[in-house]
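Counting starts at 1 for both ligands and their atoms, in listed order. It should be emphasised that the depicted structure is a prediction, and the values quoted were computed from it without experimental measurement.
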Amino acid sequence: MTSANGPMEKIVSLAKRRGFVFPGSELYGGLANSWDYGPLGVELKNNIKRAWWERFAERRDDMVGLDSGIVLNPRVWEVSGHLSAGFADPLVECKHCHTRFRADQIDVSKPCGNCGAKGAFTEARMFNLMLKTFLGPAEEQANVAYFRPETAQGIFINFKNILDTSRRQLPFGVAQAGKAFRNEITPGNFIFRTREFEQMEIEYFIPPPAREEDWNDYFEEWRKAMREWIREAGIDESRVHEAEIGEGERAHYSRRTIDFEFEYPFGRKELYGLAYRGDFDLRNHFKEPPYRDAQTGEAFWPHVIEPSLGVERTFLAVLLSSYAEDGGRVVLKLPPKLAPYKAAVFPLLSNKPALVAKAREIYDALRARFMVAWDDRGNIGKRYYAQDEIGTPYCITVDFDTLGEEGGADLKDTVTVRRRDTGAQERVRADKLAEFLHAAIYR
Ligand code: GAP
């Protein structure tokens with residue numbers, strides 16, 4: 001079996017062909033660098049978000065969740081620093097073909113990568129990444145609003161609301177997942193960099209550290225927690241590298257950042273970020289200290305550690321890590337928990353009403369609890385391959401043994417379960433299938 005490092009073209013083509021990711025607005029000639037998630041893509045995306053939410057928001061007793069607005073009061077972005085030069089990229093334009101580039105991503109002393117013109121770039125100017133809109137009918141300055149560029153600020157501005165209602169003591173964290181928008185100068189590489197994307201973020205609040213090691217210990221805990229998540233998501237750890245971001249390179253709010261980088265086919269690039277934001281955000285948003293220690297009565301601004309994860313980059317790293325080829329056969333070795341379908345049910349033959357009826361009965365029973373596919377076209381081998389390609393971990397075949405028409409009486413009401421990764425098959429009692437699947441998927 002060749003390994004998972006399938007090139008991007010194969011992933012993009014599979015994603016489109018099997019309904020994971022479609023080019024955005026295709027019917028109208030497309031919208032550059034935008035993507036829509038199809039019937040299988042939405043399942044994978046939701047499963048990623050659900051697994052993250054379960055792991056971090058629900059299973060930990062030091063975490064709570066939030067779902068704040070995407071459009072917030074514009075003052076939030078002034079105060080957070082996102083409307084300033086700190087949240088801007090250097091933009092240059094080719095004077096010849098007018099293509100725009102990020103000056104920090106090209107060598108401006110070389111010819112334009114689009115038209116080949118030499119010495120043709122404008123001076124770099126800082127371009128703010130906030131995506132602007134107007135609220136209400138009048139397009140005037142007073143109605144300007146922005147789509148959030150990070151979900152984090154919704155958490156900071158609700159810090160006191162959360163504290164007052166959930167009665168948490170430090171340390172505790174708040175999780176939020178949802179859309180974010182950035183007016184990127186050079187989106188691209190499929191779903192890697194887009195202007196509309198989703199984040200899964202945690203702001204983990206800690207007491208102001210008396211000594212350096214105090215925040216560092218929390219930072220290390222979150223570094224490990226992110227590694228555990230990477231394993232749960234089935235992302236190939238041998239392709240994940242941590243990069244310490246230098247002083248001049250960090251976001252305006254960060255005192256320390258580690259990027260978790262992934263080896264994508266187009267290069268080693270950021271997958272996730274882990275930052276120590278100090279008390280930058282809470283101090284800017286709250287004039288008075290928003291937290292009082294229950295024991296000492298001391299009031300202060302908590303500090304924050306922030307693991308920030310992109311949903312689409314997770315999606316891409318998961319697809320790239322699970323893609324494998326076996327001869328002409330493609331297998332997506334997705335973790336069962338993330339797979340769009342947990343199982344597929346087949347009648348051995350589609351022209352035998354008794355087989356179809358029995359298979360349908362099993363399919364309906366399983367569908368009440370799991371995402372399950374039905375297939376009665378072509379031969380069994382083709383059905384297996386079609387399910388392997390979309391990562392379905394188990395295929396269930398109803399045959400004449402199931403009906404008690406062949407084999408011994410002990411095979412009656414049993415089905416063949418075939419495992420995606422090994423091709424191994426076993427007989428399982430039909431009335432134990434739900435139990436079998438549950439144990440295999442959520443082990
Ligand atoms: N609140 C911190 C923050 O937003 P960031 O490193 O700018 O930090 C966090 O973004 C994560 O969001 C990145 O590691 C990446 O996974 C994802 N992300 C950022 N910009 C993106 C874009 N234009 N398209 C897709 N994902 C993006």
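Residue-ligand proximity: Phe260 is placed with every non-hydrogen atom at 4.0 Å or more from ligand 1. For Met200, the heavy-atom gap to ligand 1 stays at 4.0 angstrom or more. Within the structure, the closest approach of Tyr253 to ligand 1 falls below 4.0 Å when heavy atoms are considered. Ligand 1 lies out of reach of Glu312, whose nearest heavy atom is not under 4.0 Å from it.
Between Ser68 and Asn158, the closest side-chain pair of non-hydrogen atoms falls below 4.5 Å.
Phe87 and His82 have perpendicular rings, their planes meeting at more than 60° on a 0 to 90° scale where under 30° would count as parallel.
Counting the atoms of ligand 1 from 1 in the order shown, those under 4.0 Å from a heavy atom of Glu201 are 1 (N), 2 (C), 3 (C), 4 (O). Set against the non-hydrogen atoms of Tyr272, the atoms of ligand 1 under 4.0 Å away are 14 (O). In the vicinity of Glu306, heavy-atom distances shorter than 4.0 Å reach the ligand 1 atoms 1 (N), 2 (C). Shown in contact with Thr194 at under 4.0 Å from a heavy atom are these atoms of ligand 1, numbered in order with element: 22 (C), 23 (N), 24 (N). Close approach of ligand 1 to Arg193 (heavy-atom distance below 4.0 Å) involves ligand atoms 23 (N), 24 (N). For ligand 1, the atoms sitting less than 4.0 Å from at least one non-hydrogen atom of Arg277 are 1 (N), 2 (C), numbered in the order shown with element in parentheses. Proximity to Gly310 (heavy-atom distance under 4.0 Å) selects the following atoms of ligand 1: 16 (O), 17 (C). Near Leu271, meaning under 4.0 Å from any of its heavy atoms, are these atoms of ligand 1: 14 (O), 15 (C), 16 (O).
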Would you tabulate the side-chain donor-acceptor contacts of residues 31-39 under 3.5 Å, counting partners in other chains and residues two or more places apart, or write 'none'?
| unit_1 | atom_1 | unit_2 | atom_2 | d |
| --- | --- | --- | --- | --- |
| Ser34 | OG | Leu31 | O | 2.8 |
| Trp35 | NE1 | Phe190 | O | 3.1 |

Side chains of residues 305-317: which donor-acceptor pairs under 3.5 Å do they make with residues two or more places apart or in other chains?
| unit_1 | atom_1 | unit_2 | atom_2 | d |
| --- | --- | --- | --- | --- |
| Glu306 | OE1 | Arg277 | NH1 | 3.4 |
| Glu306 | OE2 | Arg277 | NH1 | 2.8 |
| Ser308 | OG | Glu201 | OE2 | 2.5 |
| Glu312 | OE1 | Glu198 | N | 2.9 |
| Glu312 | OE2 | Lys45 | NZ | 3.3 |
| Glu312 | OE2 | Glu198 | N | 3.2 |
| Arg313 | NE | Phe192 | O | 2.9 |
| Arg313 | NH1 | Glu270 | O | 3.1 |
| Arg313 | NH2 | Phe192 | O | 3.3 |
| Thr314 | OG1 | Tyr272 | OH | 2.8 |
| Thr314 | OG1 | Gly310 | O | 2.6 |

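Remark: the backbone N or O of Cys395 is not paired with any side-chain donor or acceptor of Arg420 at under 3.5 angstrom. For Arg18 (side chain) and Ala386 (main-chain N/O), a donor-acceptor pair under 3.5 Å exists by modelled atom type. Judged by distance alone, with hydrogens and angles left aside, the side-chain atoms of Thr392 form no donor-acceptor pair with the main-chain N or O of Tyr394 at under 3.5 Å.
Nearest protein neighbour of atom 10 (O) of ligand 1, counting heavy atoms only, is Gln199 NE2, 3.4 Å. The protein atom (non-hydrogen) at minimum distance from atom 11 (C) of ligand 1 is Ser308 OG, 3.8 Å. In terms of protein heavy-atom proximity, atom 25 (C) of ligand 1 is nearest to Phe192 O, 3.2 Å. Glu270 OE2, 3.2 Å is the protein heavy atom nearest to atom 13 (C) of ligand 1. Considering only non-hydrogen protein atoms, atom 18 (N) of ligand 1 sits nearest to Phe197 CE1, 3.5 Å.
Shown are Arg419, Arg418, Arg383, Lys333; of these, the salt bridge (charged side-chain N to carboxylate O under 4.0 Å, His left out) with Asp388 is made only by Arg418.
By the criterion of a heavy-atom distance under 4.0 Å, the side chain of Arg182, and not its backbone, is placed next to ligand 1. When heavy-atom distances to ligand 1 are checked against a 4.0 Å cut-off, Arg195 has no atom that comes that close, whether in backbone or side chain. The residue Glu198 has no part lying near ligand 1, judged by heavy-atom distances below 4.0 Å.
Considering both main-chain and side-chain atoms, Ala152 never comes within under 3.5 Å of ligand 1 through any nitrogen or oxygen pair.
In this structure, of Lys269, Arg250, Arg313, the residue bringing a heavy atom nearest to atom 26 (N) of ligand 1 is Arg313.
Within a 6.0 Å radius of CZ in Arg17, more than 12 heavy atoms belonging to other residues, nucleotides or ligands are found. The 12-atom threshold is exceeded at CD of Glu228, counting heavy atoms of other residues, nucleotides or ligands nearer than 6.0 Å.
A salt bridge does not link Lys160 with Glu288: every distance from a Lys NZ or Arg NE/NH1/NH2 to an Asp or Glu carboxylate oxygen is 4.0 Å or more. Salt bridge absent: Arg211 and Asp217 never bring a charged side-chain N and a carboxylate O closer than 4.0 Å.
With values rounded to the nearest 0.5 angstrom, Asp89 atom CG is found 6.0 Å from Asp104 atom CG.
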